[in-house]
Amino acid sequence: MRLFRSLASRFTLASLLVLPAVLGLSGYMLDQAFQRSLTSAEKNRLGSQMYMLLGSIDISGGQPQISQELHDPGFSRPGSGLYAWIFTPEGMQWQSPSVLFPTPSDLKPERINAGKEHFQDLISSQGRVFSLSFDVEWENNEGNLPVRLIIWRDSSVWDAELRSYRQQLGQWLGSLGIFIIFAQLLIMRWGLQPLKRLKSDIDKLRESPDEQLPGNYPSEIIPVTQSLNQVLANQTQQSERYKNTLNDLAHSLKTPLAVISGFAQQDPELEKKLADPLRRMDEIVSHQLSRASLGAKVNINRSINLRQLCKRLINALGKVYDRDEKDFSLLIPADCLIQGEEADFMELMGNFLDNACKYGRRQVFVDAEEMDGQWVIRVEDDGPGVAGNQRQSILTRGQRADTANKGQGIGLAVAIDIVSAYSGSVEVGRSPILGGASFILTLPVQR
């Protein structure tokens, strides 16, 4: 997926996946802690009310009675949500006026253990309630009287406090999440600045390929820049060796060409036959010498009529392959102008046309059209074609699909070098019309 090719997209996606999980887990833990805190506070409140209830009890006639008004008005207000009972082994002796429902049968104690306190969160007929019971043994003139005091409080206050806390917690965590995302975006943008600077420095190297990348990068990127600098240094050395070798080769060819030309001039008929090939070879040598001396730069300010250029090549190849009676179909518009060096395109198109003639049976098809700001040039034949597993390898210097015929396997590689110099590309496929090989050249249109 293209989304995962971007570091910023990866970091953002990871944050969007991890951050909600972290904030959700944090919110859950805080919520549980707050519930435990609310429950503990509820137990303390019931404990305080239990002590006030104990202070209001008096034993009269051997039975516990409330001798004074309770401090908390909730015990006296019917249906207030705060309820109290007093039990002895004989049964219930008192209940608060707030109780409007039948006393649950399970409240009656089977056994009263003095000093025992029991707090629980339970579901009753009144809904969820918090219950605190306390067993005490009352001393009076008639002996010791076991008494159990029970206080219920509904969860309405507890629920309201929890809802309020959760609402505030959600707002806090949401604001924190938004702040963290924006902070991370800023940090990520700041952290990726060295990569953007590296790209800018690499773009500058296109204009000055002999320079090196500076070393003022973070320690994590320095190994990358060092490797790139090493590659640039090796490339510069290789380019220099290539230029020197090409220069030597071109100089070496000029003398044999001069000798052949001299012999040809002695025979007018031979001179007429060799005039065009010798002129072409001299142009190639001069062009390669010029490219070597100028650092293999291309001139895109010259306009070349591609149709006329291909006509010249077809006429020459027709003489070379006259025994095969090749049938050329040239469908290039008459006004098709390509910007560049004529010698480059003679060599480029010559390679592709020569391959089409060499491996095609009879028909060779050439056309060109402008599409989306690019020239698309096709050279197709009716030969056996190129196998799918060889379509990439034959574009490599020294690699050939056909080892039966003589050759060094550098023609297509040289063509690739020329196309690359013009920021173009080559694609190998099968011709939909002739069924053989199809070479598609794509070159940007220079206005």
Side-chain angles (χ1 to χ4, degrees), residues 1-53 70-84 96 98-101 117-133 150-197 218 220:
M1 295 177 62
R2 298 186 60 182
L3 176 64
F4 297 108
R5 296 179 184 177
S6 167
L7 291 177
S9 299
R10 290 185 179 187
F11 292 148
T12 303
L13 182 61
S15 300
L16 293 177
L17 293 176
V18 174
L19 185 59
V22 172
L23 292 179
L25 181 61
S26 300
Y28 173 77
M29 295 176 65
L30 290 172
D31 182 79
Q32 293 297 310
F34 186 73
Q35 288 190 49
R36 290 192 294 269
S37 176
L38 280 180
T39 303
S40 177
E42 188 67 32
K43 180 180 178 181
N44 293 333
R45 281 195 293 268
L46 291 179
S48 300
Q49 291 167 341
M50 180 67 72
Y51 289 122
M52 289 188 296
L53 182 61
L70 297 176
H71 294 282
D72 195 323
F75 289 115
S76 303
R77 189 171 65 253
S80 64
L82 183 61
Y83 316 109
S96 64
S98 59
V99 178
L100 299 179
F101 50 90
E117 183 180 271
H118 182 60
F119 174 81
Q120 57 182 336
D121 177 0
L122 54 87
I123 302 298
S124 69
S125 58
Q126 304 304 305
R128 184 183 181 186
V129 297
F130 295 97
S131 171
L132 179 65
S133 63
I150 300 177
I151 299 179
W152 276 13
R153 184 184 181 94
D154 65 20
S155 61
S156 57
V157 176
W158 190 92
D159 292 337
E161 292 182 2
L162 181 61
R163 282 194 301 270
S164 176
Y165 173 77
R166 284 178 172 175
Q167 183 178 3
Q168 294 182 9
L169 180 63
Q171 294 174 353
W172 296 339
L173 292 180
S175 302
L176 179 61
I178 295 174
F179 171 77
I180 291 176
I181 289 176
F182 277 105
Q184 185 167 4
L185 290 176
L186 293 176
I187 294 173
M188 183 168 53
R189 183 176 180 181
W190 173 71
L192 293 178
Q193 282 298 323
L195 293 179
K196 294 182 179 179
R197 183 156 48 89
E220 293 82 1

Q. When you measure from the side chain of S26 to the backbone N and O of V22, does any donor-acceptor pair fall under 3.5 Å?
A. yes
Q) Any idea which heavy atoms bring D121 and R128 closest together, and the distance? A) OD2-NH2, 2.5 Å
Q. Hey, is the main chain of R36 close enough, under 3.5 Å, to the side chain of S40 for a donor-acceptor pair?
A. no
**Q.** Spacing of L173 atom CG and I178 atom CD1 [to the nearest 0.5 Å]
**A.** 11.5 Å
**Q.** Gap separating the CD atom of Q184 from the CG atom of L16, nearest 0.5 angstrom
**A.** 8.5 Å
Q) Under 4.5 Å between any side-chain heavy atoms of I180 and L19, yes or no? A) yes
**Q.** Distance, nearest 0.5 Å, that separates OH of Y165 from CG of L30
**A.** 4.5 Å
Q.
If you define the side chain from C-beta out and look only at heavy atoms, does anything of R189 sit under 4.5 Å from Q193?
A. yes
Q: Could you grab the distance from atom CH2 of W172 to atom CG of L23, nearest 0.5 Å is fine?
A: 14.5 Å
Q.
Applying the ring-ring contact (aromatic ring centres under 6.0 Å, His included) criterion to Y83, which one of F130, F101, F75 satisfies it?
A. F101
Q) With a 4.5 Å limit on heavy-atom distance, are the side chains of D72 and L53 in contact? A) no
Q. Between atom CH2 of W158 and atom CD of E42, what is the distance when rounded to the nearest 0.5 Å?
A. 9.5 Å
Q: Not counting sequence neighbours, which residues clear side chain to side chain contact (heavy atoms under 4.5 Å, CB included) with D31? List them please.
A: Q35, L162, R166
(Q) Quick check: do V99 and W152 have side-chain heavy atoms less than 4.5 Å from each other? (A) no
Q) Can you check whether S80's main-chain N or O pairs, donor with acceptor, with S98's side chain at less than 3.5 Å? A) no
Q: Over all heavy atoms of both residues, which pair between L122 and S131 is shortest? Give the atoms and the distance, please.
A: CD2-CB, 3.9 Å
(Q) Nearest 0.5 angstrom please: I187 CD1 to F182 CZ, how far? (A) 13.5 Å
Q: Specify the closest pair of heavy atoms between G27 and L169, including all atoms of both residues, with the distance to one decimal.
A: O-CD2, 3.7 Å
Q) What closest approach, in Å, do I150 and S133 show between heavy atoms, and which atom pair accounts for it? A) CG1-CB, 3.9 Å
Q. Is the closest side-chain heavy-atom distance between R153 and Q49 below 4.5 Å?
A. yes
Q) Can you name the nearest heavy-atom pair linking P20 to S15, along with the distance? A) CD-O, 3.6 Å
